[in-house]
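These numbers were taken from a predicted model, which means no experiment stands behind them.
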Amino acid sequence: MRMIPVHRLALRLLPTTLSFRKGSVHMSNINRREFLHMLAIASASGFALDHHEALAANDKASAHYDLARFGNVHLLHMTDCHAQLKPIYFREPNVNIGVANSMGQPPHLVGEKLLKHFGVKPGGAEAHAFTFLNFDKAARKYGKVGGFAHLATLVKQLKAERPGALLLDGGDTWQGSATALWTKGQDMVDAARELGVDIMTGHWEFTLGDKRVKEIVEKDFTGKIDFIAQNVQTTDFGDPVFPPYVMKEMNGVSVAIIGQAFPYTPIANPRYFTPEWSFGIKEAEMQKTVDEVRSKGASVVVLLSHNGMDVDLKLASRVTGIDAILGGHTHDGVPKPVTVKNRNGVTLVTNAGSNCKFLGVLDFDVKSNKIVDFKYRLMPIFANLLPADRSMDALITRMRAPYEAKLSEKLAVSEGLLYRRGNFNGTIDQLILDGLMEVKGAEIAFSPGFRWGTTLLPGQAITMEHLMDQTAITYPYSTVNELTGETIKTILEDVADNLFNPDPYYQQGGDMVRVGGLSYTCDPNGKMGGRISAMMLKGKPIDAGRKYKVAGWAPVAEGATGEPIWELMATYLRDKKTIQPKILNLPTLIGMKGNAGIA
């Protein structure tokens, strides 16, 4: 039989799905069905292929995404994608401290401790997805994650295998990229419709302003996507702004999905975006809503939440009748649900990471109107293992086309790893702090403890798109103010309490404000007003009465002005051209020995 090189045959059979390495075809971008179909065509044509290595690669891909159907209620869950339409790198945190009852418990586990707790094998693809371990090397091995075109392939596969399956979006979808900012979220709205999102709640969506949110919900979503939130009401009469829940019939089972938007939206983000709406956890109202849908015949009740995982865990212990909470906001990639007992039963609590990096799949087996079993899997989206869906890929290409030249501008090259996640600082934030202090001539700089933002590997060019991934918000103003030492301490104490308050209902998610120039000591276990000490500037103690020049960005106060942070940083990066590896300015921690949230 005549032999033909595999790469030549592949070009004839499936030219759009292959990549090449030293003259041989690399098959990991083809799903198993496509690959076997290609082999069948080759065999029918009389060709023989030396395909053992390629087949082994595709078996690995198939193992990741072959998820047998189970039960009769099927929920797919994504959250906090932050407008990342294309595949990206994203490093998980090496510091995610838990205090009080949260210490040593999910989601406050990092690195090896997380892998051990959830039984994830070290050194493999899943270990890379769920932890920061050996990130640079592993990222180069396993490639980028996410991307709506790759996610769409998996969603279509799972929906085809699970009749009636619903795709739930936990919010933070319309913000986080240049194109989302410039189109006022329209690129993400169109992508969500193409993806097949069925139900959604929100948080950063509200920073587009109440009028824009209502425009999208009433114009783009009507008859296609249900936007729900039981905890958003008008400030005058307490009327619901959005439907609190939606009920669906799935394979003969009545399913209720309740929405919970981010409770602290007007505090964490500018109040002027939603001046006539009130938010909050609204636990009592939640219980009434659960009781209402149960009275209407719901056999399965699920909360689509943007509370943050610690808040969800407490809520699950106090509100009864919720079967599962599909959570977001805190960007915790938690491999398995946490089972929480309450006075009348148990609730499963999950959190599905961020940046389109994961898709949660929750299957319930319901018999005689009762849940008898469930299965859950949080599936990493490896772009190299999932072929791009052609329709979604084409849509993304069309939407990005007007902006590609601007997005692709090369600003500088980073010689070190640039990432954001971590309770106290990340190298991207350190870069922003350094830029603020130099450009503004400030002694101290603050950068918000945002958890969104992509990762860059050493040697990668920092493009305008990458810079916007870290800064694309609707209140981007850079500022400089004179603050007393006392005010500086008050700011640090306030943010630390938001992060480390032992009562989750007083936590707002996010991380500690990043600090440049100033060193300090932090006791996460301390009481409010007593966590921050030993503040030093250039080796000298901070004077409570003296004023210091402090730069920052993203002010929440109405009327703030200033150069957008991306313009300031773009100028800074163009001037530097090469960015040396960053040394983090981190606080000295007290009382954290043995904490499983610190690597």
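Crowding of K406 atom NZ: a count of heavy atoms from other residues, nucleotides or ligands under 6.0 Å not exceeding 12.
For the pair R451 and D172, the salt-bridge criterion is not met [side-chain N within less than 4.0 Å of a carboxylate O]. The pair E205-R212 does not count as a salt bridge, with every side-chain nitrogen at least 4.0 angstrom from each carboxylate oxygen.
For W553 and Y477, the gap between ring centers reaches or exceeds 6.0 Å. Taking the six-membered ring for Trp and the full ring otherwise, W566 and Y572 have centroids separated by 6.0 Å or more. For F450 and W204, the gap between ring centers is short of 6.0 Å. Checked against the 6.0 Å centroid criterion, the rings of Y376 and F364 do not qualify as a close aromatic pair. Ring to ring, H128 and F135 are close: their centroids are under 6.0 angstrom apart.
The OG atom of S305 sits 8.5 Å away from atom CG of N231, with the distance rounded to the nearest 0.5 Å. Atom OG in S447 sits 11.5 Å away from atom CG in D511 (nearest 0.5 Å). A distance of 10.0 Å separates CG of L395 from CZ of R193, quoted to the nearest 0.5 Å.
A distance-only check finds no donor-acceptor pair linking the side chain of K375 to the backbone of A68 [under 3.5 Å]. Formation of a donor-acceptor pair under 3.5 Å by the R574 side chain with backbone atoms of K577 is not found in this model.
Ring pair W174/F227 is tilted by interplanar angle, where 30° to 60° counts as tilted. Between H203 and F262, the ring-plane angle classifies as tilted under the 30° and 60° cut-offs.
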Run the side chain to side chain contact (heavy atoms under 4.5 Å, CB included) check on R91 and L417 step by step: do they pass?
CA-CA 10 Å; R91 178 189 183 270; L417 182 69; 3.9 Å; yes
With side chain to side chain donor-acceptor pair (under 3.5 Å) as the test, would you mind laying out the steps for H82 and Q175 before giving the verdict?
CA-CA 5 Å; H82 284 285; Q175 175 277 334; 2.9 Å; yes
Audit row: F130, F358, ring pair (Phe, Tyr, Trp, His ring centres under 6.0 Å) steps and yes/no
CA-CA 10 Å; F130 289 115; F358 299 100; 5.1 Å; yes
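Every residue two or more places apart in sequence or in another chain was checked for a ring-ring contact (aromatic ring centres under 6.0 Å, His included) with F132, and none qualifies. Applying the side-chain hydrogen bond (donor to acceptor under 3.5 Å, both in side chains) test to D389 and every residue at least two apart in sequence or in another chain returns K156.
Remark: K211 fails to qualify as a cation-pi partner of F273 under the 6.0 Å distance and 45° angle criteria applied to the six-membered ring.
Just one of E465, H466, Q460 meets the side-chain hydrogen bond (donor to acceptor under 3.5 Å, both in side chains) condition when paired with T463; it is H466.
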